[in-house]
Amino acid sequence: MSVFVRPRRVADPVVRLVVIHHAGGSAAAYHPLGRRLPDDWELLLLDLPGRGKRHTEAPLERMAELAEATADAVMPWTAGPPLALFGHSLGALVAAEAARSLEGRGPGPVWVGVSGRPAPSAFEAGSLHPALPDDQLMARLTAMGGIPARIEEVPGFRDRFLRLVRADLRALVSYRPAPGRSRLTAPLTAMSATSDPLAPLAELGAWGRETTGELRQRIFPGGHFHFLDDAFARLGDVLVEEVHHAIGSTAATRPVRPRAAV
C-alpha cells in the first residue's frame, strides 16, 4: 500500500511535489493544496508512521528514523520529472534530512522548502515539549491553531492525538545534527510567518548553513498555521514560484500571480 495520498493522478507531470506534514498532523490536512497547484503538477502527501494511511504503524520517535523512512518512501519517485520536497514544522526537518539522504543515494530533489521551523543549528524546544502535562500541551497547541475539529467529542481521540504529538515532539527535541555531515546541494527556501512563535524570523537565515545551494526566504502574515486562513492560496502560489525559480521557466504552465503581502 502506498504511504502517499494523491489528490489527483497526473499521467505525465512536469513537477512532482512531496509534502510532509506537521507534528500531530497527517497528509489529509494538506489535501486542499492540490487545488492551488498547476494542473500538470503531481502532489504527493506523505503520511508519517502512526497516522492516516499508516495508522497501524508505531510512530517513530527519532529524527534519523523519520528521515530514512521518508527517503525510502520518496526514492521510487526520484526517477522522472523534477522532484521537490516541502515540509512544515516537524515536516521541515524531515524534508531537509530526507533530502540529504536522497542526495547521498543519487539524484536528489531539485528544491527543498522548509516552513515553520528553525534550522537544526538554531533549534530550541520552545513552548512545546513532550513532557508537558496533557492540559498544558493541549492549551498551547490550541493557541497555535491547526487542532483537529471537534477533537473533544470523540472518545479517546484526544488521548490518541496527544500520544502522537508527544512521539513527534520527542523526535524534535532529541534531534542533534551529526558533526561534519554533508550539506545539501539543492536550493532551499525557508518560510515563516510574522506571528509564528515556533519559527522566529531572525533565525530563518540559519537555514543557509544547511545547503551549498541558494537560500531564499519567504515571509507570510499570520501564525504557525497561517496557510489554513485562506485555504492554502498564498502558500500554493509561493510554492509554485519557488519551484519555478529553482528549475527555471521550462516547467511554467500558467502565470504566477504575485502577492505583495508575502
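Not measured: the values here are computed from a predicted model.
Closest approach of Ser192 and Ala199 over heavy atoms only: OG-O, 2.7 Å. Closest non-hydrogen pair, Trp41 versus Leu239, comes out as CH2-O, 4.2 Å. Nearest heavy atom pair, residue Ala186 against residue Thr211, reads O-OG1, 2.6 Å. When every heavy atom of Pro130 is checked against every heavy atom of Leu169, the shortest pair comes out as CD-CB, 3.8 Å. Of all non-hydrogen atoms in Glu103 and Leu184, the two that sit nearest each other are OE1-CA, 3.4 Å. Residue Thr185 comes nearest to Thr212 through the heavy atom pair CA-OG1, 3.5 Å, listed as atom of the first residue, atom of the second, then distance.
A donor-acceptor pair shorter than 3.5 Å can be found between the side chains of Arg117 and Ser89. Side chains of Glu61 and Ser174: no donor on one and acceptor on the other come within 3.5 Å.
Ring geometry for His22 against Phe225 counts as perpendicular: the plane angle is over 60°, on a 0 to 90° scale with 30° as the lower cut.
No side-chain donor-acceptor contact under 3.5 Å links Asp40 to the backbone of Val14. A donor-acceptor contact shorter than 3.5 Å links the side chain of Lys53 to the backbone of Phe4. A side-chain donor-acceptor contact under 3.5 Å links His88 to the backbone of His224. A donor-acceptor pair under 3.5 Å is absent between the side-chain atoms of His21 and the main chain of Gly91, judged by distance alone. With hydrogens and angles disregarded, no donor-acceptor distance shorter than 3.5 Å links the side chain of Glu203 to the backbone of Ala119.
Ion pairing between Asp230 and Arg234 holds under the 4.0 Å rule for side-chain N and carboxylate O. Contact check on Asp168 versus Arg163 returns no salt bridge, with no Lys/Arg side-chain nitrogen under 4.0 Å from an Asp/Glu carboxylate oxygen.
Taking hydrophobic clusters as Ile, Leu, Val, Met, Phe, Trp and Tyr residues chained together by side-chain heavy-atom distances below 4.5 Å, Val3 shares a cluster with Leu102. Grouping the Ile, Leu, Val, Met, Phe, Trp and Tyr side chains by contacts below 4.5 angstrom, directly or via other members, places Leu164 apart from Ile151. Under a hydrophobic-cluster definition in which Ile, Leu, Val, Met, Phe, Trp and Tyr are linked whenever side-chain heavy atoms come within less than 4.5 Å, directly or via other members, Leu44 and Leu85 are assigned to the same cluster. A continuous path of Ile, Leu, Val, Met, Phe, Trp and Tyr side chains, each step under 4.5 Å between heavy atoms, connects Leu228 with Val5, placing both in one hydrophobic cluster. Neither Val74 nor Val10 shares a network with the other; the hydrophobic side chains, linked directly or stepwise wherever heavy atoms of I, L, V, M, F, W or Y lie under 4.5 Å apart, form separate groups for each.
Annotation: salt bridge (charged side-chain N to carboxylate O under 4.0 Å, His left out) contacts involving residues 74-91, sequence neighbours excluded, are absent. Pairs engaging residues 7-20 under the salt bridge (charged side-chain N to carboxylate O under 4.0 Å, His left out) rule: Arg16-Glu42 [sequence neighbours left out]. Within the structure, every pair that satisfies the salt bridge (charged side-chain N to carboxylate O under 4.0 Å, His left out) test and touches residues 76-102, not counting sequence neighbours, is listed here: Glu97-Arg100, Glu97-Arg181, Arg100-Glu210.
The environment of Arg62 atom CZ is sparse: at most 12 non-hydrogen atoms of other residues, nucleotides or ligands sit within 6.0 angstrom.
Inter-residue side-chain proximity for His245 and Glu214 is flagged as met; some heavy-atom pair is nearer than 4.5 Å. Counting only heavy atoms from C-beta outward, the side chains of Leu45 and Arg6 never approach each other to under 4.5 Å.
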Go through the steps for Val110 and Leu83 under the test side-chain contact (heavy atoms from CB on, under 4.5 Å), then give the verdict. CA-CA 6 Å; Val110 298; Leu83 177 76; 5.9 Å; no
Apply side-chain contact (heavy atoms from CB on, under 4.5 Å) to the pair Phe86 and Leu235, showing each step before the final yes or no. CA-CA 11 Å; Phe86 169 78; Leu235 178 61; 4.1 Å; yes
Could you please spell out the steps behind the side-chain contact (heavy atoms from CB on, under 4.5 Å) verdict for Met144 and Leu198? CA-CA 9 Å; Met144 289 191 303; Leu198 298 186; 3.6 Å; yes
Using the rule given for side-chain contact (heavy atoms from CB on, under 4.5 Å), can you reason through Leu43 versus Val19, listing the C-alpha separation, both sets of side-chain angles and the distance that settles it, and then say yes or no? CA-CA 8 Å; Leu43 178 63; Val19 172; 3.7 Å; yes
Distance-only check: which donor-acceptor pairs under 3.5 Å involve side-chain atoms of residues 131-139, not counting sequence neighbours?
unit_1, atom_1, unit_2, atom_2, d
Asp134, OD1, Arg166, NH2, 2.4
Asp135, OD1, Arg158, NH2, 3.1

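Under the side-chain contact (heavy atoms from CB on, under 4.5 Å) criterion, Glu242 pairs with Trp111, Thr189, Arg216, Arg218, Val238, not counting sequence neighbours. Checked against side-chain contact (heavy atoms from CB on, under 4.5 Å), Ala193 has the following partners two or more places apart in sequence or in another chain: Asp196, Phe220, His226.
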